[in-house]
Amino acid sequence: MNPLRPAILAAAGSDRVKQILTTSPVTASMVGRFVPGETRTELVAAARELLASGRAVSVDFLGEYTTDRGRADAAVAEYLALINDLTALDTGAVPAGAAPLEVSVKLSALGQWLGADGPAIAAENLRVLCTKAAEAGVWVTVDAEDHTTTAATLAAIRQVRPDYPWLGTVVQAYLFRSEDDCRGLASAGARVRLCKGAYKEPDTVAHQRRAEVDSAYLRCLRILMHGAARPLVASHDPALIAAAAELAARTGRGPGEFEYQMLYGIRADEQSRLAGQGDFVRVYVPYGTQWYGYLMRRLAERPANLAFFARALAGR
């Protein structure tokens, strides 16, 4: 694991570092690489280009840890408007087998942190979004957040998913609990986006070493591939992508029965290669003004981006 990753993830909670990065001219190009814009207009333009290339999209309106009811309501309103805008896009170049349009939501942005009633508020807001999405032919996936939210998030999904069986769940492989979660989700036939994990977690709940995380990812992936789940392989790691292809072939899964998922701005050539050979590829595309936490997690994952980070700090 990148030795600087814990420090960068810790900086995600630093108001001082946030002030430096959000006001540095150097940061603008770095943000633009991972986030196509702050507005729906900019987002739609990026999504249109991806869809035309044969890649599906999952759009995230950035925001998390909301403790204000008005902001939670505003996030719901933005997602409803987003779904409307997405349905106007041409999806004809994307292979059949899954909905080409999807939105990703964090329950902490929908009100999960609003006191004792927060989990119920977030679950109801999720149901509102799913109802709208179902009418529009768009799917929804609930993003994972730090481990303190995992149980409540999975509980909300269990409440809503019976009415919307395409509702997706994100599992972070580095958590010790994730193999058991994958078994339950596979038995339920759920759509599961399996990622390594992007938050700074203590060693009491999560694997810390890269080799351990990779092994955990493979164990979870085998559970999903051999079960009734629809695995969503969220990784840029060539070894894990190759392993997913081998497991899919071994279990007889075609492009309509699993998909690769990658982040906007990362390994675009590999995204195009996979899509070009007929695989179903979905690109996670974030937008909005609340890009800071997302950016810091991307920096932590990719050591090559640290030069930009250092230059932004040195320039102040």
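- Hydrophobic clustering (ILVMFWY, side-chain heavy atoms < 4.5 Å, transitive): Val128 and Ile121 are in distinct clusters.
- Closest non-hydrogen pair, Ala275 versus Val281, comes out as N-CG2, 3.6 Å.
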Set out, in order, the CA-CA distance, both residues' side-chain angles and the distance that settles side chain to side chain contact (heavy atoms under 4.5 Å, CB included) for Tyr260 and Arg282, then state yes or no. CA-CA 6 Å; Tyr260 296 104; Arg282 192 181 304 274; over 6 Å; no
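- Residues Leu185 and Phe258 fall within the same hydrophobic cluster, defined by Ile, Leu, Val, Met, Phe, Trp and Tyr side chains chained together at heavy-atom separations under 4.5 Å.
- Side-chain contact of Thr141 with Ser104: a donor-acceptor pair under 3.5 Å is absent, judged by distance alone.
- When atom types are taken as modelled, the side chain of Glu246 and the backbone of Ile241 share no donor-acceptor pair closer than 3.5 angstrom.
- For Asp279 (side chain) and Pro255 (main-chain N/O), no donor-acceptor pair under 3.5 Å exists by modelled atom type.
- Note: the hydrophobic cluster containing Phe280 also contains Val57 (ILVMFWY, side chain heavy atoms under 4.5 Å, direct or indirect links).
- A 4.5 Å side-chain heavy-atom check between Leu110 and Val76 finds at least one atom pair inside the cut-off.
- The environment of CD in Glu212 is crowded: more than 12 heavy-atom neighbours from other residues, nucleotides or ligands sit within 6.0 Å.
- By the rule that hydrophobic residues join a cluster once side-chain heavy atoms approach within less than 4.5 Å of another member, Phe61 and Trp139 end up as members of one cluster.
- The aromatic ring centres of Phe34 and Tyr264 sit 6.0 Å or more apart.
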Verdict with supporting geometry, Leu126 and Arg161, side chain to side chain contact (heavy atoms under 4.5 Å, CB included): CA-CA 10 Å; Leu126 176 62; Arg161 189 175 171 274; over 6 Å; no
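- Of the charged side-chain nitrogens involved, at least one lies within less than 4.0 Å of a carboxylate oxygen, so that Glu102 and Arg191 count as a salt-bridged pair.
- Here the CG atom belonging to Leu221 is positioned 8.0 Å from the CG atom belonging to Leu240, to the nearest 0.5 angstrom.
- Checked options Val170, Thr169, Val171, Val142; the residue passing with Arg193 is Val170 (criterion: side-chain contact (heavy atoms from CB on, under 4.5 Å)).
- Hydrophobic clustering places Val105 together with Tyr164 (ILVMFWY residues linked when any side-chain heavy atoms are closer than 4.5 Å, directly or through intermediates).
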Applying side chain to side chain contact (heavy atoms under 4.5 Å, CB included), run through Ser108 and Thr66 and close with a yes or a no. CA-CA 6 Å; Ser108 73; Thr66 297; over 6 Å; no
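- A salt bridge does not link Glu179 to Arg222: none of the charged side-chain nitrogens sits closer than 4.0 Å to a carboxylate oxygen.
- Using a 4.5 Å heavy-atom cutoff, the side chains of Val285 and Pro36 are in contact.
- Expressed to the nearest 0.5 Å, how far CD of Glu135 lies from SG of Cys130 amounts to 11.5 Å.
- In plain terms, the two heavy atoms of Ala133 and Trp166 that are nearest each other are CB-CH2, 4.1 Å.
- Comment: Arg177 does not engage Asp180 in a salt bridge, judged by the lack of any side-chain N to carboxylate O separation of less than 4.0 angstrom.
- Annotation: the span from Arg183 atom CZ to Cys220 atom SG amounts to 8.5 Å, rounded to 0.5 Å.
- Remark: Asp163 engages Arg127 in a salt bridge, criterion side-chain N to carboxylate O under 4.0 Å.
- Using modelled atom types, no side-chain atom of Ser178 and backbone atom of Asp181 make a donor-acceptor pair closer than 3.5 Å.
- A distance of 6.0 Å or more separates the ring centres of Phe176 and Tyr174.
- Nearest heavy-atom pair, Gln112 versus Glu145, reported as atom, atom and distance to 0.1 Å: OE1-OE2, 4.3 Å.
- Here the shortest heavy-atom pairing between Val35 and Tyr287 reads CG1-CA, 3.9 Å.
- A salt bridge is defined here as a Lys NZ or Arg NE, NH1 or NH2 lying under 4.0 Å from an Asp or Glu carboxylate O, and Asp73 with Arg69 meets this definition.
- Note: Trp113 CH2 to Thr67 OG1 = 8.5 Å, rounded to the nearest 0.5 Å.
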Between Arg273 and Asp269, does a side chain to side chain contact (heavy atoms under 4.5 Å, CB included) hold up when you go through it step by step? CA-CA 6 Å; Arg273 183 190 72 81; Asp269 289 347; over 6 Å; no
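- Judged by distance alone, with hydrogens and angles left aside, the side-chain atoms of Arg267 form a donor-acceptor pair with the main-chain N or O of His236 at under 3.5 Å.
- Distance alone, capped at 3.5 Å, places no donor-acceptor pair between the Gln261 side chain and the Glu259 backbone.
- Shown here for Met225 and Ala244, the closest heavy-atom pair between the two residues is CE-O, 3.6 Å.
- With sequence neighbours excluded, no residue satisfies ring-ring contact (aromatic ring centres under 6.0 Å, His included) with Tyr79.
- Between the side chains of Asp146 and Thr148, at least one donor N or O lies within less than 3.5 Å of an accepting N or O.
- Considering only heavy atoms from C-beta on, Lys132 stays 4.5 Å or farther from Leu129 through its side chain.
- Side-chain contact between Leu51 and Leu101 is present, with at least one heavy-atom pair separated by less than 4.5 Å.
- The shortest heavy-atom contact between Gly111 and Ala122 is C-CB, 4.1 Å.
- Here the CG-CD distance, from Leu62 to Glu78, works out to 11.0 Å after rounding to the nearest 0.5 Å.
- Checked for salt-bridge contact, Asp60 and Lys106 meet the test: a charged N lies under 4.0 Å from a carboxylate O.
- Between Leu82 and Val103, the closest side-chain pair of non-hydrogen atoms falls below 4.5 Å.
- Within the model, atoms CG of Leu274 and CE of Met262 stand 5.0 Å from one another, a figure rounded to the nearest 0.5 Å.
- The backbone N or O of Ala46 sits nowhere less than 3.5 Å from a side-chain atom of Glu49 that would complete a donor-acceptor pair.
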